[in-house]
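Residue numbers start at 1 and run along the sequence shown.
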Amino acid sequence: MLKLTIAGLAGLCLAACASQPIDRDAQRLHAERGCRVRAAVSPAYALDSTGVGLRNVALDRCMRAAGFVSKR
């Protein structure tokens with residue numbers, strides 16, 4: 001019974017690895033969604049020459065970490 005269970009789990013793992021990889025556009029959409037949530041929760045603002053920053057740079061930083069360039 002144990003051998004059958006292990007063989008079944010191995011078959012499921014192989015089937016998961018054999019599936020199609022995720023599309024690059026879909027990866028970008030998932031990264032954008034996650035990064036927008038992170039940017040809303042922990043904002044980081046860039047300071048300009050006046051010492052006041054109004055542009056949230058947390059989204060750009062998160063997208064770079066995910067391997068994408070932000071579309072702003």
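For residues 37-69, every residue pair satisfying the disulfide (SG to SG under 2.5 Å) rule, not counting sequence neighbours, is listed here: C35-C62.
Residue M1 belongs to no hydrophobic cluster, having no ILVMFWY side-chain heavy atom closer than 4.5 Å to its own. Taking a 4.5 Å side-chain heavy-atom cut-off between Ile, Leu, Val, Met, Phe, Trp and Tyr, the cluster of L29 contains only that residue. I6 shares a hydrophobic cluster with L2; the chain of contacts runs through ILVMFWY side chains whose heavy atoms sit under 4.5 Å apart.
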Side chain to side chain contact (heavy atoms under 4.5 Å, CB included) assessment of R36 paired with L59: CA-CA 6 Å; R36 287 189 195 285; L59 177 67; 3.8 Å; yes

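Partners of D23 according to the side chain to side chain contact (heavy atoms under 4.5 Å, CB included) rule, which considers only residues two or more places apart in sequence or in another chain, are D25, A26. Residues meeting the side chain to side chain contact (heavy atoms under 4.5 Å, CB included) test with A65, sequence neighbours left out: none. In this structure A66 satisfies the side chain to side chain contact (heavy atoms under 4.5 Å, CB included) test together with A31, F68, sequence neighbours excluded. Evaluation of the side-chain hydrogen bond (donor to acceptor under 3.5 Å, both in side chains) rule for R33 yields H30 as partners, not counting sequence neighbours.
The CG atom of L9 sits 11.0 Å away from the CG atom of L14 when rounded to the nearest 0.5 Å.
The heavy-atom pair separating R24 from G67 by the smallest distance is NH2-O, 3.4 Å.
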